[in-house]
Amino acid sequence: MLEETGTVTRVEGESIWVETIRQSACEGCRASKGCGQKALASIGQGKRFQVKVKNPRHLVLREGQPVVLGLEDSALLSASALVYLLPLVLMLGAAMLVDSIIGSEGLTILAALAGLAGGMLLARTLASRSQNQCRFEPEVLRTVS
C-alpha cells in the first residue's frame, strides 16, 4: 500500500478533504545529481494539493488533524495501465491492422490517430465507471499522534 501524510482541511459529513504537500524521493537517491528526473520532480516540489478521501474506518476527524492516507498498489497500477497502456495498444493495433490490409502510409497514420483517440475515450469511460466504485480514491488509514 502506498502511504502519504496530510492534514485534514474540511470534514463535510462522509467527505473528508486532506491537504498534502508534494514531495520528491530524489533527495534520498544516490543518483540525484546526475539524473534528469530530479529536474522534472522539482517543478511541482512543495506544492499543496487537496484531495477528497474515503474514511472506511469511520475515524473521528477534525480540521487541522494530521492523517496517513493510503492507496492500494493494484489501484495505482490499474489506473496507469488504463490511462497509458490502453490508448497505446489501440493506436498500435489500429495502425498495424490498416497497414496490413491497405498498406497506405497516410491511412495507417490516420488509423493510428483514430486508435489513439478511441483508446483515450475508452479509458475515460472506464475510469468514470471505476470512479463511481471509488476504486482509485485514497482512504484515511490512521491518524498521526
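Sorted pairs that involve residues 63-90 and meet salt bridge (Lys or Arg N to Asp or Glu O under 4.0 Å), not counting sequence neighbours, are lacking altogether.
Checked against side-chain contact (heavy atoms from CB on, under 4.5 Å), Leu88 has the following partners two or more places apart in sequence or in another chain: Met91, Leu92. Remark: Leu97 engages Ile101 in a side-chain contact (heavy atoms from CB on, under 4.5 Å) (not counting sequence neighbours). Under the rule for a side chain to side chain donor-acceptor pair (under 3.5 Å), Arg62 has no partner lying at least two apart in sequence or in another chain. Evaluation of the side chain to side chain donor-acceptor pair (under 3.5 Å) rule for Gln50 yields no partner, not counting sequence neighbours. A search for side-chain contact (heavy atoms from CB on, under 4.5 Å) contacts involving Leu86 returns Leu82, Leu90, Leu122, Ala123, Leu126, not counting sequence neighbours. Legend: residues meeting side-chain contact (heavy atoms from CB on, under 4.5 Å) with Ile102, ordered by chain and number and at least two apart, are Val98, Ser104, Leu107. Residues meeting the side chain to side chain donor-acceptor pair (under 3.5 Å) test with Arg10, sequence neighbours left out: Glu12.
What you find for Ala111 and Ala94 is that their closest heavy atoms are O-CB, 3.3 Å.
For the atom pair OG1 (Thr108) and CG (Leu113), the distance works out to 11.0 Å, reported to the nearest 0.5 Å. Atom CG of Leu71 sits about 9.0 Å away from atom NZ of Lys54, to the nearest 0.5 Å.
By the 4.5 Å side-chain criterion applied to Ile, Leu, Val, Met, Phe, Trp and Tyr, Met96 is assigned to no cluster and stands alone. As a member of the Ile/Leu/Val/Met/Phe/Trp/Tyr network built from side-chain separations under 4.5 Å, Leu85 groups with Val89. The hydrophobic cluster around Val53 extends to Val8, Val11, Ile16, Val18, Val51, Leu59, Leu61, Val67, Leu69, Val140, counting ILVMFWY residues whose side-chain heavy atoms fall within less than 4.5 Å of a member. Annotation for Leu141: hydrophobic cluster partners, listed by chain and number, are Met1, Val68, Val144 (ILVMFWY side-chain heavy atoms under 4.5 Å, direct or chained).
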Checklist line | Criterion side-chain contact (heavy atoms from CB on, under 4.5 Å) on Arg142 and Arg57, from CA distance to verdict | finding: CA-CA 9 Å; Arg142 61 187 174 276; Arg57 292 162 183 81; over 6 Å; no

